[in-house]
Amino acid sequence: MDADVPGTVLKRERTRDAVLELIESRSPGDAIPSERALCALLGVSRPTVRAAVDELVAAGLLVREHGRGMFVAPAKITQELVAGDRALSVPQAAGAWSSRLLEFTTLQAGARVGRKLRMSPAAEIVYVARLRLVDGAPMAIEHLHIRAELVPGLSAQELESGDLYEHLRATHGVHVHEAVQAIEPTVVSRAEARLLDVPELSPALLFERLTSDTTGRPVEYVHSLYRGDRYRIVSRLALGPAAEVAPDREGHHPGIPPGDFAHGDAIASSTRGDIQAGG
């Protein structure tokens, strides 16, 4: 259908909204009517329905399965950024999070990581790569760089279970205080796609975070790759004073291991590009 025909864009938008309403009235994994059935239900042509469905598939809201039909996609993990008194706070995202260790070694920091952690390139760091899963499905790949002298005896078990920052506090005496985190869009490589179970060059979110302790010393540099089809970032800005509400302690911060900053520490978050948010 030609987009220049009067009413075409509006018809497509209304068709998309109608299909979206069907999706929102169902649960993840539920089937929705076929394109043919949608044409009859909505009184529009097959190309109009297909265009709306294609858009919703691309947005990660619908899943097509060859020979089976169309289904409501798994729910996205929503990450909300909220303007607080000192910085943007990060309410935790939902889901049962777990980790699978991909790599765990001690090596020299090198020039780039050394600059970020304010240490000699020859100094040792603990490098960790782990796959993050939510409800058993792969969601992110995290690369952690931690000052080695701060975490002697750091174990694989600490990296795979529980709250990593709680382990750092209780076992290693490292008390994190704040983090500066940047978020930008990217795409996944072939190797990353295999780990995340998505097609190569799929959209993703790149999180980079530098965490400091109570003395201002950089403790950890992390860069994480999160599936773009399962995440969205929402900014909620406080435009006036309001009563304080206790933060939700459940869930997970994208780019931050579950439970991190659970003791009320501030998180400064910025997005690279033309728009930058701050407290």
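What you see is a predicted model; the values in this text were computed from it and never measured.
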Engineer: Between Thr15 and Lys11 (side chain of the first, backbone of the second, donor and acceptor by atom type, cut-off under 3.5 Å), is there such a pair?
Structural biologist: yes

Engineer: How far apart are the C-alpha atoms of Leu42 and Arg14, what are their side-chain angles, what is the distance that settles it, and do they pass the side chain to side chain contact (heavy atoms under 4.5 Å, CB included) test?
Structural biologist: CA-CA 9 Å; Leu42 303 176; Arg14 287 180 172 172; over 6 Å; no

Engineer: Considering all heavy atoms of both residues, which atom of Gly216 and which atom of Arg118 are nearest to each other, and what is their separation?
Structural biologist: O-NH2, 3.2 Å

Engineer: What I want to find out is whether Arg112 reaches Glu208 closely enough, with some N-O distance under 4.0 Å, to be called a salt bridge.
Structural biologist: yes

Engineer: Distance-only criterion, 3.5 Å: show the donor-acceptor pairs between side-chain atoms of residues 61-70 and protein atoms not counting sequence neighbours.
Structural biologist:
unit_1	atom_1	unit_2	atom_2	d
Arg64	NH1	Asp54	OD1	3.0
Arg64	NH2	Glu35	OE2	3.2
Arg64	NH2	Asp54	OD1	2.7
Glu65	OE1	Arg68	NH1	2.3

Engineer: Of the options Ile146, Leu150, Leu154, which is the one that meets His172 in a side chain to side chain contact (heavy atoms under 4.5 Å, CB included)?
Structural biologist: Leu154

Engineer: Does the side chain to side chain contact (heavy atoms under 4.5 Å, CB included) test come out yes or no for Arg217 and Arg147, once each step is laid out?
Structural biologist: CA-CA 10 Å; Arg217 173 183 54 182; Arg147 286 174 172 262; 4.0 Å; yes

Engineer: Has Arg26 got a side-chain atom pairing as donor or acceptor with Ala31's backbone, closer than 3.5 angstrom?
Structural biologist: yes

Engineer: For residues 199-207, run the donor-acceptor check on the side chains, cut-off 3.5 Å, and write out each pair with its distance to 0.1 Å, sequence neighbours left out.
Structural biologist:
unit_1	atom_1	unit_2	atom_2	d
Glu200	OE1	Arg190	NE	3.3
Ser202	OG	Pro199	O	2.5

Engineer: Taking the side chain from Glu192 and the backbone from Ser189, do they hold a donor-acceptor pair closer than 3.5 Å?
Structural biologist: yes

Engineer: Give the C-alpha distance, both sets of side-chain angles, the deciding distance and a yes or no for side chain to side chain contact (heavy atoms under 4.5 Å, CB included) between Phe104 and Arg130.
Structural biologist: CA-CA 9 Å; Phe104 177 28; Arg130 59 183 186 170; over 6 Å; no

Engineer: How many angstroms lie between atom CD of Glu160 and atom OG of Ser99, to the nearest 0.5 angstrom?
Structural biologist: 7.5 Å

Engineer: Linking Ile, Leu, Val, Met, Phe, Trp and Tyr through side-chain heavy atoms less than 4.5 Å apart, which residues share a cluster with Tyr127?
Structural biologist: Leu107, Val113, Leu117, Met119, Ile125, Leu210, Tyr221

Engineer: Which is it for Leu22 and Leu38 under the side chain to side chain contact (heavy atoms under 4.5 Å, CB included) test, yes or no, and what are the steps along the way?
Structural biologist: CA-CA 10 Å; Leu22 288 174; Leu38 288 173; 3.5 Å; yes

